[in-house]
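Worksheet: one structure, shown below.
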2 protein chains.
Amino acid sequence: MRSIGGVLNGNNLDQVRRGNLSTVLGLVHTNGAPSRAWLTRETGLNRSTIAALVAELVQLGLVVEAGWDQTNQVGRPSPIIRASGKRIAIAVRPELDAIDIGLVALDGTVIRRVHRETERAPTAREAVDIAAAEISELLGDLDASYRPVAIGLVVPGLVRESDGLVSIAPHLGWSDEPVAVMLQEATGLDVYSANDANAGAIAESTFGAGRGVSELIYLNGGASGIGGGIVIGGDLLRGANGFAGELGHTLVNSAGIACHCGSSGCLETEVSRQQLLEALGLSIGDAERLDDVLLAAFAPGATVPSALAELVERQLGFLAIALGNATNLFNPRMIVLGGFLGSLYGAAPGVLDEAIRHHAMAATRDGLVIQRAALGSNILMIGAAELAFADLLGNPA
Amino acid sequence: MRSIGGVLNGNNLDQVRRGNLSTVLGLVHTNGAPSRAWLTRETGLNRSTIAALVAELVQLGLVVEAGWDQTNQVGRPSPIIRASGKRIAIAVRPELDAIDIGLVALDGTVIRRVHRETERAPTAREAVDIAAAEISELLGDLDASYRPVAIGLVVPGLVRESDGLVSIAPHLGWSDEPVAVMLQEATGLDVYSANDANAGAIAESTFGAGRGVSELIYLNGGASGIGGGIVIGGDLLRGANGFAGELGHTLVNSAGIACHCGSSGCLETEVSRQQLLEALGLSIGDAERLDDVLLAAFAPGATVPSALAELVERQLGFLAIALGNATNLFNPRMIVLGGFLGSLYGAAPGVLDEAIRHHAMAATRDGLVIQRAALGSNILMIGAAELAFADLLGNPA
DNA sequence: CGGTTTTGTTGCCTAGAAAAACATATCAGT
DNA sequence: ACTGATATGTTTTTCTAGGCAACAAAACCG
């Protein structure tokens, strides 16, 4: 049985309408403020159909018609469609020493953003309680025209897709914590949960460096290790249980050191931010200066200390092994590097390009583009919001 | 722009009809001979709609209504729908010392199969000429009621999706050969081309060990190396250019030997059939006995020579590294092993299972099933036929 | 043999997209 | 400013395809 994910089958007419509403809302959400005429061209649907679909979305409070196309072209101007600024997603992101919470509207504006520091890594219970309290306060400040849609919860760890169970988040010390359910119970809002790098991959492929690229690999280097997210056909690769994308645990060194995952020589153990900070003489507190300092050290004309050059070259070599393997497996159009991996690449792009030439087959890397991530510090807010909006975007009615 | 593969968008009624025809034909093709009532349940469509869809498919000559459900249940019997035995795909498969050609009907029956030996590896030109001559003869033998749909060409090498160019087929000595175009010109038939392991993955996931499994990895060990195919959401992973799935070129040994791909320590160089044949005292001509001999050597109660035991254990160890990496990346539901990799696994399944436990994270391998391939020697005929039928199944009208 | 159950068959209904005709708003050229 | 060309919104009509309900048919059961 070619049961596609178990949910195959008969299209009926309802699904046509639902699909078209979803397509239009998605285009509006992703493209900022297109005109009705643009939507007509882009979807291939009839003018009158687009008019009806937009009218229904306006009725649902999901979009507004605001102003007219200012393109100075002949012909009657077409109204601009904007996603509602009143439907909001709540982004929640527990970190090692803080919890980030933000409100993001369907039109992409970040309405509020708070950073609640904690003395130590919060337990799941503490994270949920702090988030719930903060959410309650943030929503209380808004007038009644704003409506929360859902919560997007982004966790630095492995998250099961079916129920949002955090299987393991080594750096927070969590294991088998039903955080999504706990947060749902504490707030009464639906919670959509995912791994942080997966959320980052969604964000970069929808709004960032990978905009419009349907086959890409996103790899992020953070304080707590290396995480990956893979986009195929424009959708995040989730795998059987939602744990896909763990590129940080690719073997890159047979003689490597033990990894917390139980294996050894993983990319995550061989390439770490800590080594870079030490080589640059920076403390953990200075981590946010890493990019500037590293790029300055490798600026044209600068003399790079040999120990630093060696470290960077070695780390890029290991990175190239993991990316080469992944390129042979996925044949991606683009690789997007975030966090300190982006800094590493920025320092010596030629080194990585050349090493990948060695480790990936000529055919699978043909046309491959490597880029640094484009979204900066907002990436996880945006990714979390996309998680929260996904159901609404898929079925607006 | 969330342009999904560039072909997004508006569903209109035509697409609903096309999709439903495709769904029904696909279910009939994949499930042998279902009843109309079963199709109704499976698709969720209305009885009358299924009746109309089936009638149209009958009209198109793609299915026949033949006999009635013999299930001895209450109620009016439902007619059985069979795929046509007259619409045929032509499977072509160049090998090191032969060219295999087969005719496979839409109902799955293999109508003809010929094995044309060659003195040496054929050039692309030779392969095309032999195949074209053989196809002409095979089709000439059939009466006019048979209609060829297309040719499915399966090549042991990297095949570009857009135009079927064989980028490289190291063991045939081909590079940048437009074989699909050549075969199209020689026969006048459409040619759909793919890598052999990719075709194997399609076959095993549609009709073999992975039937109904929508997230699986297929890995095949042959005389000419190790090839892989990855199925995600029920569809073959193709990547940006169609080269995805090259699991044979995953790094498994940092101190490994050079690979023809330009890298070193690849799975394909560290694990080869040749080593196994030598350890078992078999010649290349005896390769087909490998499975029997190896399994006999490891049969319960047998004493395994230590050199052989070590080799098998080492090879399974390397295999586990590649599969562990892939498991962390894809979080598959199943891994299917074909060719000598299936034999290796059959000899000592516990060794591989244990090694994968070590190399894949607990979450990503949760619920993972490892199986030997089920389709045997017909796998590439079936895979090639699926390639040829894919367009028809996607758009029957 | 009549009752029950399941499914095929037929005719009607409705949702929704396309198409066509008309209206409107802009630009370009005089 | 006026006129024509162009693009797009608006309204009405048409058509397609799937759902639904009523009826017919073919099996099993007691």
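In what follows, chains are A, B, ... by sequence order, proteins preceding strands, each numbered from 1. Note that the coordinates shown come from a computational prediction; the quantities given were computed from them, not determined experimentally.
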Hey, is the side chain of [X] poking within less than 4.0 Å of OP1 or OP2 on [N], counting only N and O atoms?
{"X": "A:Thr49", "N": "C:dG16", "result": "no"}
{"X": "B:Arg17", "N": "D:dG18", "result": "yes"}
{"X": "A:Arg18", "N": "C:dG16", "result": "no"}
{"X": "A:Ser78", "N": "D:dG9", "result": "yes"}
{"X": "B:Asn20", "N": "D:dA17", "result": "no"}

Enter the distance from [X]:[atom1] to [Y]:[atom2] here, rounded to the nearest 0.5 Å.
{"X": "A:Leu393", "Y": "A:His29", "atom1": "CG", "atom2": "NE2", "result": "5.0 Å"}
{"X": "A:Leu62", "Y": "A:Leu106", "atom1": "CG", "atom2": "CG", "result": "6.5 Å"}
{"X": "A:Leu25", "Y": "A:Ile81", "atom1": "CG", "atom2": "CD1", "result": "11.5 Å"}

- request: Return the set of residues passing ring pair (Phe, Tyr, Trp, His ring centres under 6.0 Å) with A:Phe330 (not counting sequence neighbours), or none when no residue passes.
  value: B:Phe330

Carboxylate-amine/guanidinium proximity below 4.0 Å for A:Arg17 and A:Glu56: yes

query: Can we say A:Glu65 and A:Arg36 salt-bridge, meaning some charged N sits less than 4.0 Å from an Asp/Glu carboxylate O?
result: yes

Whole-Å distance separating the [atom1] atom of [X] from the [atom2] atom of [N]:
{"X": "A:Gln73", "N": "C:dC27", "atom1": "CD", "atom2": "C1'", "value": "10 Å"}
{"X": "B:Arg36", "N": "D:dA25", "atom1": "CZ", "atom2": "P", "value": "15 Å"}
{"X": "A:Gln15", "N": "C:dA15", "atom1": "CD", "atom2": "C1'", "value": "14 Å"}
{"X": "B:Asp14", "N": "C:dG16", "atom1": "CG", "atom2": "P", "value": "17 Å"}
{"X": "B:Leu53", "N": "D:dT16", "atom1": "CG", "atom2": "C1'", "value": "13 Å"}

- prompt: So what does A:Arg41 touch, heavy atoms closer than 4.0 Å: a base, only the sugar-phosphate, or nothing?
  reply: sugar-phosphate

message: Just to be sure I understand the rule, does A:Ala37 reach a base, reach only the sugar-phosphate, or reach nothing, if contact means heavy atoms closer than 4.0 Å?
response: sugar-phosphate

- prompt: side chain to side chain contact (heavy atoms under 4.5 Å, CB included) between A:Ile88 and A:Leu139: does it pass, once the steps are laid out?
  reply: CA-CA 10 Å; A:Ile88 51 180; A:Leu139 292 180; 4.0 Å; yes

Check: [X] side chain, [Y] main-chain N or O, donor-acceptor pair, under 3.5 Å:
{"X": "B:Glu204", "Y": "B:Ala374", "answer": "yes"}
{"X": "A:Thr49", "Y": "A:Leu45", "answer": "no"}
{"X": "B:Glu386", "Y": "B:Ala203", "answer": "no"}

Would you tabulate the pairs of protein nitrogen or oxygen atoms and nucleotide nitrogen or oxygen atoms of nucleotides 19-21 of chain C closer than 3.5 angstrom?
unit_1: C:dA19; atom_1: N6; unit_2: A:Ser48; atom_2: OG; d: 3.2

query: Under the salt bridge (Lys or Arg N to Asp or Glu O under 4.0 Å) test, which residues partner B:Arg333, sequence neighbours left out?
result: none

task: Mind listing the residues from residues 55-68 of chain B sitting with a heavy atom below 4.0 Å of DNA chain D? Number order is fine.
output: none

- request: Please identify each residue that fulfils side chain to side chain contact (heavy atoms under 4.5 Å, CB included) with B:Ala33, with sequence neighbours left out.
  value: B:Ile80, B:Arg82

Which atoms of nucleotides 23-25 of chain C (N or O only) lie under 3.5 Å from a protein N or O atom, and what are those distances?
unit_1: C:dT24; atom_1: O4'; unit_2: A:Arg76; atom_2: NH1; d: 3.2
unit_1: C:dA25; atom_1: N3; unit_2: A:Arg76; atom_2: N; d: 3.3

